[in-house]
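Have a look at the structure below before the remarks.
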Amino acid sequence: MASTALPLNPTHLSSPGTQISDSPSPPSLSLLSRCATLSQLKQIQANTIKTHLQNHAPTLSKLASFCSLSLPEHIEYAQQLFDQIPEPNTVLFNTLIRSYSRSHTPIQAINLFVKMLTNNIQPDNYTFPSILKACAMASALEEGRALHCHCIKLELDSNIFVQPTLIRMYADCGAIESAQKVFNATMKGRSVVLYNSMITAYVQRSRPNEALALFREMQAHNTPPNDVTVLSVLSACSLLGAVDLGKWVHEFVKKNGLDMFVKVNTALIDMYAKCGSIEDAKMVFEKMPFRDTQAWSAMIVAFAIHGQGEDALTLFRKMETERIKPDDITFLGVLYACSHTGLIDEGRRYSLLR
DNA sequence: ATAGGGTTAG
């Protein structure tokens, strides 16, 4: 890990000329914006301490917020900074809760929410999307239901940002009927995100027909589907093995310019492969102007599940020559290809790569 | 100052 020295703003360095000011100001935004590593953040912190600002709450708050947003892998340091702030406000709680909701320790978000309540800090419309996502990740249904009650009390259950996360929370916790209740309670002017959350919920619980019914309903209600919608709808087609429907969605994708999204094309490859049409999968792959790791993986897996082990391995070698970095799913596809084609030696060789 | 939905595998 290279720790480059940060070019510090001279006004932040202590010198005989700069004495403690009466109203110390937190580190400037331009200084923080050039901060890319934790050690640089600590340099800034050290320099503010040098100018006797160590107990300056706005400074700690700014550092904690920056650390949590821009150095999410150092969430525990953000927490350390946060713990030194005497009276953290709602915004700072929200910022940290959001970081935890995207971390490997979502439970910590729930702990912070509890702390928020015991400190009499009112959660708001920014708090719930993050905390509900954390519950979804942790499969914390009890806590999720309790949070839903808080939403209702604070009249935030009608918030357009809160609703999709309530649905996602219930769906990820396996309570699809509660997700449906939330969805059905929302009536007028449903957003595309709200539809997407329910369609995805159905797909994830292997209920493709209900997902497709909602897909039709949103169009009937003049809510145009977007790239995220078709990702889930294509999953539904795969679950049904419905290639004709998949082809219809493919046409829809082209007509609405959604084929500019790499992920949509990747989902099309997957759909065609799972519906038995490897030729169509190949055609989509070849037409893609840009292919990321996921697109290559999807095509390798597509060949593998069709028993075309040699094609999968050829594609893998081509991926290597194009210097696209393989991921775990790429290797899964490669090994799958070997196992389906009796390529024991190749399989052994590739399994030593990582 | 801070907020929502996501394909590839299993």
Side-chain angles (χ1 to χ4, degrees), chain A residues 26 29 32 58 61-62 64-66 68-70 78 88-102 112 116 121 123-134 136 156 159-169 171-172 179 182-183 186 190-204 211 214 218 223 225-238 249 253 258 261-274 281 284-285 291-302 304-305 326-336:
Chain A
L29 203 66
L32 272 175
S61 179
K62 200 160 185 177
S65 166
F66 180 83
S68 149
L69 291 169
S70 304
N89 63 11
T90 301
V91 173
L92 194 56
F93 267 106
N94 290 349
T95 305
L96 231 73
I97 286 173
R98 180 172 190 256
S99 281
Y100 277 124
S101 78
R102 308 165 142 228
L112 267 182
M116 221 174 163
I121 307 290
D124 63 9
N125 50 321
Y126 282 82
T127 317
F128 286 100
S130 301
I131 190 71
L132 288 166
K133 190 186 170 186
L156 292 172
N159 181 280
I160 57 159
F161 288 92
V162 173
Q163 285 170 341
T165 47
L166 277 170
I167 289 168
R168 178 183 167 167
M169 180 276 292
D172 285 4
V182 173
F183 183 82
T186 65
R190 288 171 172 161
S191 75
V192 60
V193 177
L194 186 70
Y195 276 109
N196 291 349
S197 68
M198 197 63 228
I199 289 172
T200 303
Y202 280 134
V203 172
Q204 284 172 348
L214 256 190
M218 73 187 286
T223 308
N226 64 10
D227 54 327
V228 176
T229 320
V230 299
L231 290 180
S232 289
V233 168
L234 287 169
S235 267
C237 295
S238 302
V249 176
V253 161
L258 298 173
F261 295 98
V262 179
K263 288 177 179 186
V264 168
N265 286 309
T266 303
L268 280 167
I269 292 168
D270 177 67
M271 179 278 294
Y272 278 128
K274 285 180 179 160
V284 173
F285 181 78
R291 306 179 189 97
D292 59 8
T293 298
Q294 288 70 33
W296 286 88
S297 298
M299 196 62 229
I300 289 168
V301 170
I305 62 179
D327 65 3
D328 44 355
I329 295 167
T330 319
F331 284 103
L332 209 79
V334 167
L335 293 174
Y336 203 38

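Nothing here was measured: the structure is a model prediction, and the numbers come from that model. Lettering follows sequence order; numbering is per chain, from 1.
Note on A/Asn89: a base of the nucleic acid sits closer than 4.0 angstrom, heavy atoms only. Residue contacts shown for A/Ile167 are absent, as no nucleic acid heavy atom lies under 4.0 Å away. Nucleic acid contact class of A/Thr229 (heavy atoms, under 4.0 Å, all strands): none. Among the protein residues, A/Val91 comes within range of the nucleic acid bases, having at least one heavy atom under 4.0 Å from a base atom. Contacts of A/Ile329 with the nucleic acid, taken as non-hydrogen atoms under 4.0 Å apart, include base atoms.
With a heavy-atom cut-off of 4.0 Å to chain A, the contacted part of DNA chain B has its first and last nucleotide at B/dA1 to B/dG10.
With sequence neighbours excluded, no residue satisfies salt bridge (Lys or Arg N to Asp or Glu O under 4.0 Å) with A/Arg98. Applying the ring pair (Phe, Tyr, Trp, His ring centres under 6.0 Å) criterion to A/Tyr126, with sequence neighbours excluded, gives no partner residue. Applying the ring pair (Phe, Tyr, Trp, His ring centres under 6.0 Å) criterion to A/Phe183, with sequence neighbours excluded, gives A/Tyr195. For A/Phe93, the ring pair (Phe, Tyr, Trp, His ring centres under 6.0 Å) partners at least two apart in sequence or on another chain are A/Phe82.
A side chain to side chain contact (heavy atoms under 4.5 Å, CB included) with A/Thr95 is found for exactly one of A/Ser65, A/Pro88, A/Ser130, A/Ser61, namely A/Ser65. In summary, of the residues considered (A/Val264, A/Ile199, A/Leu214), a side chain to side chain contact (heavy atoms under 4.5 Å, CB included) with A/Thr229 occurs for A/Ile199 alone.
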Inset, instruction - Apply the test side chain to side chain contact (heavy atoms under 4.5 Å, CB included) to residues A/Asp270 and A/Val301: give CA-CA distance (whole Å), side-chain angles for both, the deciding distance (0.1 Å), then the verdict. - result: CA-CA 8 Å; A/Asp270 177 67; A/Val301 170; 5.9 Å; no
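Taking 4.5 Å as the limit, some side-chain heavy atom of A/Leu112 sits within range of a side-chain heavy atom of A/Tyr100.
Within residues 265-274 of chain A, the residues approaching DNA chain B are A/Thr266, A/Asp270, A/Lys274, by heavy-atom distance under 4.0 Å.
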